[in-house]
Amino acid sequence: MAGQRQGVAAYISRPLCRVGPVFGGAAGMGGGDGCCSITNPAGSPQERKVRPAIRHCPAAVHRPSVEEGRRGSAAVGHILGARRGPDIYHGGVNMRLSAAACVWAAVMVGAAVVQGWVTADEGERLWLRVLVEKSWFTNFVERKSQQLSSVTLCGAACMRHDWCHLWCRAAPTHCLLTSLIVSGSYQPTSLQDVLTCYTSRGPEMAFGSGITSSPPRDAIRVKENLVDGVFRGDVRNCAIVERDNSSNPWFLVDLRVDRLVSKVVLKAQPTDLAEIRMSGIEVKVGDVEEAGDFTSYTLLGTFNDSLVAGQEVALLPPAPVRGRYVSIQRTNIRQMQIAHLEIF
């Protein structure tokens, strides 16, 4: 990839401060030639993440945007953050800026709740309303019921939990906090037996798109799981494919029409095998349908490290890439398993 500009690999884990969702691409992201690779062999995979990698990214400069400040996702070099226990590591000025943003946001939200400055409608705008079938709330979805009187209080309660991605109004004075991941573009197949819910995920393009792939490993973890807009936390809701005769494992998403693609988010499976089945990945964008050989496509970004269970990686190009097809392909090993996919 010498001389070719690659996307930014951004590890997403527990945010320092959650004051509403980040929708669309990350503004203010500094570009660079090539992604940082984490080469320090010492310690566990979690311990090898951000701090050792900082030394390998001396030239990258980042100025956090307003949206990133809301989620505490300031970058260190090309690496935004990674989980080590419950923490995210940020560096120097960016860490202080994120901390200051969190303090300011906490003060403002607290004042709004106490003094009534934030109305229910304003509280709702921090989230995206979706209708979700009750059938998605399986035993794999973590849940917590709370008796709270307003949309604002329900949203604030969800933001206090790392695992909470979606909350629902089960009754006028009752909210259900859940770990269910639902795309902001999600639409139910039927309006019967649905809940009115609020998701922290933004509108994106993967939901409802067409998808093809290299051979599936089984009949349960099928490719269609990546474009259904929902991940319930069950490994059976992932998608797994194997190498075919001529190419490494791949998925190809058909966006139906030409789109500008500014970010692709991939979520690892919720088991220890995530380190084996999700690393060495290339994401490209093209204009014609291919099957395994995507050399004519434009590179959006690469991800060469491995993720821990349930972690996410966001690939961001220096500039949006236009095309109808988005390919996701491993550059090594015979299998690839992804839990959830979002395309912005």
Give, for atom [atom1] of [X] and atom [atom2] of [Y], the distance between the pair rounded to the nearest 0.5 Å.
X: I240; Y: K223; atom1: CD1; atom2: NZ; value: 14.0 Å
X: M159; Y: D162; atom1: CE; atom2: CG; value: 13.0 Å
X: N237; Y: W136; atom1: CG; atom2: CH2; value: 5.5 Å

Same cluster for [X] and [Y] if Ile/Leu/Val/Met/Phe/Trp/Tyr side chains link at under 4.5 Å?
X: I181; Y: I343; answer: no
X: V151; Y: L195; answer: no
X: M336; Y: F231; answer: no
X: L341; Y: L180; answer: no
X: W127; Y: V132; answer: no

Practice problem: For T199 and V182, indicate whether the former's side chain and the latter's backbone hold a donor-acceptor pair under 3.5 Å. | Solution: yes

Quiz item: Is it true that a side-chain atom of T173 and a backbone atom of Q147 form a donor plus acceptor pair closer than 3.5 Å?
Solution: no

Quiz prompt | C168: partners by disulfide bond (SG atoms under 2.5 Å apart), with sequence neighbours left out | solution = C197

Can you confirm whether the side chains of [X] and [Y] place a donor and an acceptor under 3.5 Å from each other?
X: S279; Y: R330; result: yes
X: E142; Y: T178; result: no
X: E282; Y: Y297; result: no
X: Q269; Y: Q337; result: yes

Exercise. Kindly indicate, with the supporting measurements, whether the criterion salt bridge (charged side-chain N to carboxylate O under 4.0 Å, His left out) is fulfilled by E312 and R201.
Key: CA-CA 13 Å; E312 297 179 10; R201 320 293 285 204; 3.2 Å; yes

Any residue meeting side chain to side chain contact (heavy atoms under 4.5 Å, CB included) with [X], in chain and number order, not counting sequence neighbours:
X: R243; result: N248, P249, R334
X: A291; result: W250
X: R324; result: D254, D258

Quiz item: Does anything in residues 202-215 pair up under side-chain hydrogen bond (donor to acceptor under 3.5 Å, both in side chains), and if so which pairs, sequence neighbours excluded?
Solution: S183-E204

Quiz item: Does CG belonging to D218 count more than 12 external heavy atoms closer than 6.0 Å?
Solution: yes

Quiz item: What residues form a ring pair (Phe, Tyr, Trp, His ring centres under 6.0 Å) with F137, not counting sequence neighbours?
Solution: none

Exercise. Measure from NZ or CZ of K284 to the centre of the six-membered ring of F294, then state whether that distance is under 6.0 Å and the direction lies within 45° of the axis.
Key: no

Self-check item: side-chain contact (heavy atoms from CB on, under 4.5 Å) between L166 and V130, intermediate numbers included
Solution: CA-CA 10 Å; L166 177 93; V130 289; 4.0 Å; yes

Self-check item: Closest heavy-atom pair and its distance - Y198, R169
Solution: CE1-CG, 4.1 Å

